[in-house]
Amino acid sequence: MLMGEYTHTIDAKGRVILPVDFRPELGGSFVITKGLDSCLFLYGEEEWERLSAKLKALPMSKPEARAFARFFFAGARKLELDRQGRFLVPANLRAYASLKKDVVLNGVMTRAEIWSRTAWDAYNAEVNPMVTKIAETLTDLGI
């Protein structure tokens with residue numbers, strides 16, 4: 001399971017270090033794609049296959065299904081770690097997530113996320129005060 005929050009920087013070539021704690025779950029080869037909330041998602045190959053199967057099962061006759069599949073797959077790339085444990089974030093994905101220098105990598109159960117430090121701080125400032133109310137709504141789901 002992926003969990004934890006790690007602060008890193010992107011170098012001038014667009015590379016970032018994958019936290020050591022994420023490497024057993026993601027492996028040396030993983031998929032990066034556009035995520036929700038203007039961040040990037042990282043998936044290990046097994047989890048990517050599970051998610052892809054679910055998305056393939058969506059009815060392509062529905063415009064929402066087509067739009068989501070396009071959004072998710074068009075930006076997807078398979079990446080590999082270099083000997084220093086770094087990976088190159090493609091330029092189009094750096095632009096999508098507004099990644100400049102300071103980034104935050106989060107473990108979120110089955111995926112990792114990459115956020116710009118600025119966006120992550122703004123997200124937390126918005127969501128943290130509402131966590132108790134959010135938790136109350138989740139009781140209907142058995143949590």
Side-chain angles (χ1 to χ4, degrees), residues 1-58 62-143:
M1 179 184 298
L2 293 161
M3 57 186 173
E5 178 180 319
Y6 302 85
T7 302
H8 287 284
T9 57
I10 289 187
D11 69 16
K13 294 180 180 179
R15 298 173 300 193
V16 66
I17 293 173
L18 185 68
V20 172
D21 291 346
F22 291 0
R23 294 177 195 175
E25 185 75 21
L26 293 176
S29 177
F30 51 90
V31 175
I32 188 170
T33 191
K34 293 177 192 173
L36 304 176
D37 301 314
S38 298
C39 70
L40 302 177
F41 289 170
L42 301 175
Y43 291 98
E45 290 184 13
E46 279 185 35
E47 186 61 30
W48 179 253
E49 290 303 320
R50 275 193 287 277
L51 181 60
S52 296
K54 290 178 183 179
L55 292 174
K56 286 176 191 173
L58 293 175
K62 293 196 175 274
E64 297 87 359
R66 290 192 309 271
F68 191 73
R70 285 182 189 125
F71 170 81
F72 213 60
F73 285 98
R77 297 271 303 270
K78 188 173 180 181
L79 300 178
E80 293 187 6
L81 295 178
D82 67 12
R83 284 182 268 142
Q84 287 79 36
R86 300 173 299 186
F87 61 94
L88 177 66
V89 180
N92 63 317
L93 296 179
R94 288 195 311 265
Y96 168 78
S98 301
L99 303 181
K100 303 288 183 225
K101 183 177 179 181
D102 296 320
V103 298
V104 177
L105 291 95
N106 297 316
V108 187
M109 295 179 288
T110 59
R111 71 175 183 272
E113 297 178 341
I114 305 175
W115 292 73
S116 76
R117 178 88 235 177
T118 303
W120 179 243
D121 290 345
Y123 177 82
N124 279 306
E126 178 184 334
V127 172
N128 285 350
M130 301 184 310
V131 167
T132 300
K133 287 212 178 281
I134 293 168
E136 290 170 2
T137 65
L138 296 177
T139 59
D140 295 339
L141 299 174
I143 295 177

I need the minimum non-hydrogen distance between [X] and [Y], along with the two atoms involved.
X    : Y    : result
G44  : L26  : N-CD2, 3.3 Å
L42  : F30  : CD2-CE1, 3.7 Å
E126 : M130 : O-CE, 3.6 Å

Within a strict 4.5 Å, meaning less than it, do heavy atoms of the L36 and F41 side chains meet?
yes
Check residues 93-110 and write down every donor-acceptor pair under 3.5 Å in which the side-chain atom is one partner and the other belongs to a residue at least two apart or another chain.
residue: R94; atom: NH1; partner: V89; partner atom: O; Å: 2.4
residue: Y96; atom: OH; partner: G35; partner atom: O; Å: 2.6

Donor-acceptor pairs under 3.5 Å, side chain of residues 10-24 to any protein atom, not counting sequence neighbours: which ones?
residue: D11; atom: OD1; partner: K13; partner atom: N; Å: 2.9
residue: D11; atom: OD1; partner: G14; partner atom: N; Å: 3.0
residue: D11; atom: OD1; partner: R15; partner atom: N; Å: 2.8
residue: D11; atom: OD2; partner: R15; partner atom: NE; Å: 2.6
residue: D11; atom: OD2; partner: R15; partner atom: NH2; Å: 2.8
residue: D21; atom: OD2; partner: Y6; partner atom: OH; Å: 2.5
residue: R23; atom: NE; partner: L18; partner atom: O; Å: 3.0
residue: R23; atom: NH2; partner: L18; partner atom: O; Å: 2.7

With a 3.5 Å cut-off and sequence neighbours excluded, list the donor-acceptor pairs that the side chains of residues 71-84 form with protein atoms.
residue: K78; atom: NZ; partner: E45; partner atom: OE2; Å: 3.3
residue: D82; atom: OD1; partner: Q84; partner atom: N; Å: 2.9
residue: D82; atom: OD1; partner: G85; partner atom: N; Å: 3.1
residue: D82; atom: OD1; partner: R86; partner atom: N; Å: 2.8
residue: D82; atom: OD2; partner: R86; partner atom: NE; Å: 2.8
residue: D82; atom: OD2; partner: R86; partner atom: NH2; Å: 2.9
residue: Q84; atom: OE1; partner: R86; partner atom: NH2; Å: 2.9

Distance (rounded to the nearest 0.5 Å) between [X] [atom1] and [Y] [atom2]:
X    : Y    : atom1 : atom2 : result
E25  : R111 : CD    : CZ    : 13.0 Å
W48  : T33  : CH2   : OG1   : 5.0 Å
N124 : W115 : CG    : CH2   : 8.0 Å

Aromatic plane relationship, W120 with Y123 - under 30° parallel, 30 to 60° tilted, over 60° perpendicular
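It falls in the parallel class, under 30°.
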Has E46 got more than 12 heavy atoms of other residues, nucleotides or ligands less than 6.0 Å from its CD?
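Atom CD in E46 is not crowded, with 12 or fewer foreign heavy atoms closer than 6.0 Å.
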